[in-house]
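Nothing fancy with the numbering, it's 1 onward along the sequence. Computed over heavy atoms, backbone and side chain alike; hydrogens, waters and symmetry mates excluded.
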Amino acid sequence: MKKRQVRELKTLFFDCFSGISGDMLLGTLIDLGVDPERLSEELRKLHVDGYQLNFTQKMTSGISGTDADVQLSDDSSPDQMQQHAHAHHDHSAHSRNLEDCLAIINGSSLSDRVKSGAAGTFKEIACAEAHVHNKPVQEVHFHEIGAVDSIVDIVGTFIGLELLGVEKVFASVLHDGNGFINCAHGVMPVPVPAVAQMLASSERRIPYVQEDIPTELITPTGMAIIKTIAADFGKMPLMDIKRIGYGTGKRQTGRMNALRGILGEMKENVPENPVDEIMLLEANIDNQNGEMLGYTMNRLFDEGALDVFFTPIYMKKNRPAAVLSVLAKPEDVKKMTQIIFEETTTLGVRTFPCSRYTMNREFRTVQTKFGKVRVKHAFLKEIEKDAPEYEDCVRLAKAYALPLHQVYDSVYDALNNMRAKMEDNPNE
């Protein structure tokens, strides 16, 4: 196969000319081609009941878009998700905090990519709410994001991005309204305090303008999601546009109220020998049970660890023990060390700088005789490797009552056919 120097990066640009909210994001992703049934199937992995997710076509200023609507059942408020959260926490039926939300996400069988993105979004809002209410994060009880509809909006967005195979997200200037709105704490100015705090706490510039529209256009959920997923804000990057979709808003603003998604591909140069600098953290642990260590691993992953693993060793007095090893970005060392001290019995953490050589990676979707499967494709010069997404293969194996290896075999057959076509038509 020919040597690759440039790759096509599947890119999504959100044009936020009329603000952004969770339901507008979901509607846009459906309008761009996400299968509503697949999205609903993935959301069921949360084990959250008490809602119905509906998608309908809606006209706004003569333009057709998709309206996403999460309808709650009569018994779902205060919140059906507490039934699941009670397995982990002893809160009242009306209590919804960050820990509850993370327990639901991490207890699901969703992909690590979806879990990480959704968890990061919840933490973003929690930190903003904690600041404006002058409370510790763990004491913040959410009025918005603890609700079922916002759980669906946030997690559903990351599922939709994964189903579309989006690798990079950009966003325009964020447009908001002005004036005041009624919310759980009374009458609040626009932008609402949580949105304003998320803008102020950003380490990068997020361009924001207010329009002469007397209402809120940017919700805390929408702000947290776009802040989490967008690599940059401003003009649309240079890319080949493939598809455009619209997620319609609920309010009458006197003009087109929708979020526009522009899906395309942008070219990215492939480095000859990708290398980055990371840190290795280690600690020897000989007096802690496996359940605690398992929780520690999950928490480290949730906070951004690149990898976490245990190695069995023997320590003094021939005691069985384990080495906890954590790979992390240099800027995350302090955070990872704090977690290790909080969650384990160790009294010290060793750190080592490491140079890491990596293969370039991209996600592609292949059509097998059983259905579509996402594949992680790694490449470096003439070396190529493919790893089918486990969850997709399991879904098809269950649907067709097949041994899992048969689905994997069908993926590799489809990949081989794809390579054969590329060799026959090298210029395509």
Original post:
With respect to Thr344, which candidate in Ile285, Val349, Ile339 satisfies the side-chain contact (heavy atoms from CB on, under 4.5 Å) definition?
Top reply: Ile285

Original post:
Considering the options Asp23, Thr28, Thr248, which one meets the side-chain contact (heavy atoms from CB on, under 4.5 Å) requirement together with Leu259?
Top reply: Thr28

Any sub-3.5 Å donor-acceptor pair from [X]'s side-chain atoms to [Y]'s backbone N or O?
| X | Y | answer |
| --- | --- | --- |
| Thr121 | Gly117 | yes |
| Lys168 | Leu9 | no |
| Ser108 | Ile105 | yes |
| Asp307 | Leu327 | no |
| Asp176 | Ile218 | yes |
| Lys329 | Leu306 | no |
| Asp67 | Gly247 | no |
| Asn298 | Tyr295 | no |
| Glu362 | Phe379 | no |

[Y] versus [X], side-chain donor and acceptor atoms under 3.5 Å:
| X | Y | result |
| --- | --- | --- |
| Asn106 | Asp302 | yes |
| Ser111 | Glu162 | yes |
| Gln71 | Asp69 | yes |
| Glu167 | Thr11 | no |
| Thr228 | Lys123 | no |
| Thr60 | Asn257 | no |

Original post:
Between Val394 and Val407, is a side-chain contact (heavy atoms from CB on, under 4.5 Å) present by the stated rule, with each step listed?
Top reply: CA-CA 8 Å; Val394 167; Val407 178; over 6 Å; no

For [X], I'd like to know if atom [atom1] has over 12 heavy atoms of other residues, nucleotides or ligands within 6.0 Å.
| X | atom1 | answer |
| --- | --- | --- |
| Glu331 | CD | yes |
| Glu342 | CD | yes |
| Met359 | CE | yes |
| Lys376 | NZ | no |
| Asp212 | CG | no |
| Lys45 | NZ | yes |
| Arg395 | CZ | yes |
| Arg204 | CZ | yes |

Check: [Y] and [X] side chains under 4.5 Å, non-hydrogen atoms:
| X | Y | value |
| --- | --- | --- |
| Phe170 | Met239 | no |
| Val195 | Val190 | no |
| Lys10 | Leu263 | yes |
| Ile151 | Tyr51 | no |
| Met292 | Thr345 | no |
| Val152 | Leu46 | no |
| Thr215 | Leu217 | yes |
| Ser18 | Met256 | no |

Subject >> salt bridge (Lys or Arg N to Asp or Glu O under 4.0 Å) evaluation trace for Arg356 with Glu277 >> reply: CA-CA 6 Å; Arg356 180 179 65 161; Glu277 298 299 322; over 6 Å; no

Looking at [X] and [Y], what are the two nearest heavy atoms and their distance?
| X | Y | answer |
| --- | --- | --- |
| Leu161 | Val169 | CD2-CG2, 4.3 Å |
| Val132 | Pro193 | CG1-O, 3.7 Å |
| Phe233 | Ile226 | CZ-O, 3.7 Å |
| Phe310 | Ala322 | CD2-CB, 4.3 Å |
| Glu124 | Ser201 | OE2-OG, 4.1 Å |
| Leu98 | Ala126 | CD2-CB, 3.9 Å |

**OP:** Check the pair Gln138, Glu99 against side-chain contact (heavy atoms from CB on, under 4.5 Å), reporting the backbone distance first and the verdict last.
**Re:** CA-CA 7 Å; Gln138 61 269 26; Glu99 195 174 2; 5.8 Å; no

Original post:
Would Glu216 and Ser21 satisfy side-chain contact (heavy atoms from CB on, under 4.5 Å), going step by step from the backbone distance to the final call?
Top reply: CA-CA 10 Å; Glu216 170 193 50; Ser21 63; over 6 Å; no

**OP:** Give the C-alpha distance, both sets of side-chain angles, the deciding distance and a yes or no for salt bridge (Lys or Arg N to Asp or Glu O under 4.0 Å) between Asp31 and Arg243.
**Re:** CA-CA 9 Å; Asp31 217 50; Arg243 190 162 185 172; over 6 Å; no

Spacing of [X] atom [atom1] and [Y] atom [atom2] [to the nearest 0.5 Å]:
| X | Y | atom1 | atom2 | value |
| --- | --- | --- | --- | --- |
| Leu43 | Leu26 | CG | CG | 7.5 Å |
| Glu8 | Lys267 | CD | NZ | 4.0 Å |
| Leu280 | Glu282 | CG | CD | 4.5 Å |

**OP:** Can you label the angle between the Tyr412 ring and the Tyr408 ring as parallel, tilted or perpendicular, going by 30° and 60°?
**Re:** tilted

**OP:** Let me see the working for Thr346 and Asn284 under side-chain contact (heavy atoms from CB on, under 4.5 Å), right down to the final yes or no.
**Re:** CA-CA 7 Å; Thr346 191; Asn284 293 359; 6.0 Å; no

